[in-house]
*Asks:* 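Quick one: the structure is below, and I'll ask about it shortly.
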Amino acid sequence: MDESLEEVPAARITNQGAENPVMLICEHASSFIPAAYDRLGLTQEEAHSHIAWDPGALKTSLALSELLKAPLVSSNYSRLLYDCNRPPEAPDSIPEKSETITVPGNLRLTASQRAERANSFYYPFCEAVSDVRTSFAVSPVVITIHSFTPIYFGEKRQVELGILHDEDVELAHALLAEGEKSSSLDIRLNEPYQASDGVTHTLQEQATAFGLRNVMLEIRNDLVSNDEECQEMAEKLDTLIRAALSRLDINLQVKGA
């Protein structure tokens, strides 16, 4: 690992040891690219755009972590350096192009360079997730949190909250049922992505492999563009998640208790 990276760990752990058996994960929490990588050849605007991270996802996750009384594991580096929601063998784990933007610093990497990126960012992040997952006294529920751009390849997306599942469908369906009953958000199942797009890697590795209930949440990023909106979204998600888990006979500690 590059010695300069040791000052900033691959993952940040918030609220470890919190009361409730829920683990939140935010793989695309940061747009940080160390100076040694020279912004991967991107302009400053590109390096801080949605191609580099999931805007609003971290602040929403942090607020939700407090409301749910649940630990959160979040990445400290840009997904352009390494996408922690992809396995090392996936070509897009280190994307050469994101949407319409080419990432010069990711072009023509050797196998050794790709391995170095995985060793610097992916494996330490996975280790942090594993450490938190195994720290619970009872089996936790795993929830990954992402945001997506409202316009993709020129097409407007109407969905506001996507609920994505892999093999475990029960929590996703419970969330959808609660959303349809009580939320004003446009909530859809397996939109704007689905498991076949390769977006459920973390769920597969950190939840499905251990028989844990899990779900992936995708929030349209224009709904979490400032602190107030992130807090409001976190409160909506807290209500939905508690109600959905109750449907599955998983009752969390009451808020404020």
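The chain is numbered in sequence order, starting from 1. Side chains are part of it too, since the values below use all heavy atoms of this structure and drop only hydrogens, waters and symmetry mates.
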*Asks:* I need the minimum non-hydrogen distance between Pro55 and Val224, along with the two atoms involved.
*Replies:*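 For Pro55 and Val224, the tightest heavy-atom pair comes out as O-CG2, 3.8 Å.
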
*Asks:* With side chain to side chain contact (heavy atoms under 4.5 Å, CB included) as the test, pick out the partner of Thr149 among Asp222, Asn221, Ile51, Asp54.
*Replies:*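 The residue from Asp222, Asn221, Ile51, Asp54 that satisfies side chain to side chain contact (heavy atoms under 4.5 Å, CB included) with Thr149 turns out to be Asn221.
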
*Asks:* Output the distance between atom CG (Leu62) and atom CD (Gln231), rounded to the nearest 0.5 Å.
*Replies:*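 Interatomic distance, Leu62 CG to Gln231 CD, rounded to 0.5 Å: 10.5 Å.
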
*Asks:* Side chain to side chain contact (heavy atoms under 4.5 Å, CB included) with Asn106: which of Gln113, Arg114, Arg117, Lys97?
*Replies:*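 Exactly one option meets the side chain to side chain contact (heavy atoms under 4.5 Å, CB included) with Asn106, and it is Arg117.
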
*Asks:* So, do Pro88 and Tyr123 sit near enough that their side-chain heavy atoms are less than 4.5 Å apart?
*Replies:*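 Counting from C-beta outward, Pro88 and Tyr123 do come under 4.5 Å.
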
*Asks:* Hey, what's the ring geometry for Phe32 with Tyr77, parallel, tilted or perpendicular (30° and 60° as the breaks)?
*Replies:*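 Geometry flag for Tyr77 against Phe32: tilted rings.
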
*Asks:* Can you name the closest pair of heavy atoms from Ala57 and Ser147 and give their distance?
*Replies:*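 Smallest heavy-atom distance, with atoms named: CB-N, 4.2 Å.
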
*Asks:* Rounded to the nearest 0.5 Å, how far apart are CG of Leu240 and CG of Leu175?
*Replies:*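 It is 6.5 Å, given to the nearest 0.5 Å.
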
*Asks:* Would you verify whether the NZ or CZ of Arg157 falls within 45 degrees of the ring axis of Phe148 while also being under 6.0 Å from that six-membered ring's centre?
*Replies:*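 The answer is no; the distance or angle limit is not met.
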
*Asks:* Identify the residue among Leu164, Asn85, Ile219, Ile25 that makes a side chain to side chain contact (heavy atoms under 4.5 Å, CB included) with His146.
*Replies:*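 Going through the options one by one, the only one that passes is Asn85.
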
*Asks:* Report, as yes or no, whether the 6.0 Å neighbourhood of atom CD on Glu155 holds more than 12 heavy atoms from other residues, nucleotides or ligands.
*Replies:*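 Atom CD in Glu155 is not packed in, count stays at 12 or less.
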
*Asks:* When you group the ILVMFWY residues by side-chain heavy-atom contacts below 4.5 Å and let the links chain together, are Ile143 and Leu64 in the same group?
*Replies:*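 Leu64 and Ile143: one cluster.
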
*Asks:* Quick one: CD1 on Ile145 to CD on Glu218, what's the gap to the nearest 0.5 Å?
*Replies:*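 Reported to 0.5 Å precision, the distance equals 10.5 Å.
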
*Asks:* Under the criterion side chain to side chain contact (heavy atoms under 4.5 Å, CB included), I'd like the reasoning laid out for Leu223 against Met233: C-alpha separation, chi angles, the key distance, then a yes or no.
*Replies:* CA-CA 8 Å; Leu223 302 178; Met233 180 59 69; 4.0 Å; yes

*Asks:* As an exercise, state the distance from NZ of Lys181 to CD of Glu178, rounded to the nearest 0.5 Å.
*Replies:*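 It is 4.0 Å, given to the nearest 0.5 Å.
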
*Asks:* Check the angle between the aromatic planes of Tyr122 and Tyr82 and answer parallel, tilted or perpendicular using the 30° and 60° thresholds.
*Replies:*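 The rings of Tyr122 and Tyr82 sit tilted, inter-plane angle from 30° to 60°.
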
*Asks:* Would Leu217 and Ile163 count as a side chain to side chain contact (heavy atoms under 4.5 Å, CB included) here? Give the steps.
*Replies:* CA-CA 5 Å; Leu217 301 180; Ile163 299 174; 4.2 Å; yes

*Asks:* Kindly indicate, with the supporting measurements, whether the criterion side-chain hydrogen bond (donor to acceptor under 3.5 Å, both in side chains) is fulfilled by Glu27 and His201.
*Replies:* CA-CA 11 Å; Glu27 302 101 312; His201 172 67; over 6 Å; no

*Asks:* Might you work through the side chain to side chain contact (heavy atoms under 4.5 Å, CB included) test for Lys69 and Asn15, ending with a clear yes or no?
*Replies:* CA-CA 8 Å; Lys69 299 181 182 294; Asn15 275 347; over 6 Å; no

*Asks:* Do Glu127 and Ser130 come within less than 4.5 Å of each other through their side chains, counting heavy atoms only?
*Replies:*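 No, too far: nothing below the 4.5 Å cut-off.
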
*Asks:* So among Asp238, Val141, Leu245, Leu237, which one has a side chain to side chain contact (heavy atoms under 4.5 Å, CB included) with Leu68?
*Replies:*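 The side chain to side chain contact (heavy atoms under 4.5 Å, CB included) with Leu68 is passed solely by Asp238 among Asp238, Val141, Leu245, Leu237.
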
*Asks:* Test Gln204 against Asp166 for side-chain hydrogen bond (donor to acceptor under 3.5 Å, both in side chains), laying out the working first.
*Replies:* CA-CA 7 Å; Gln204 293 170 356; Asp166 196 76; 3.1 Å; yes

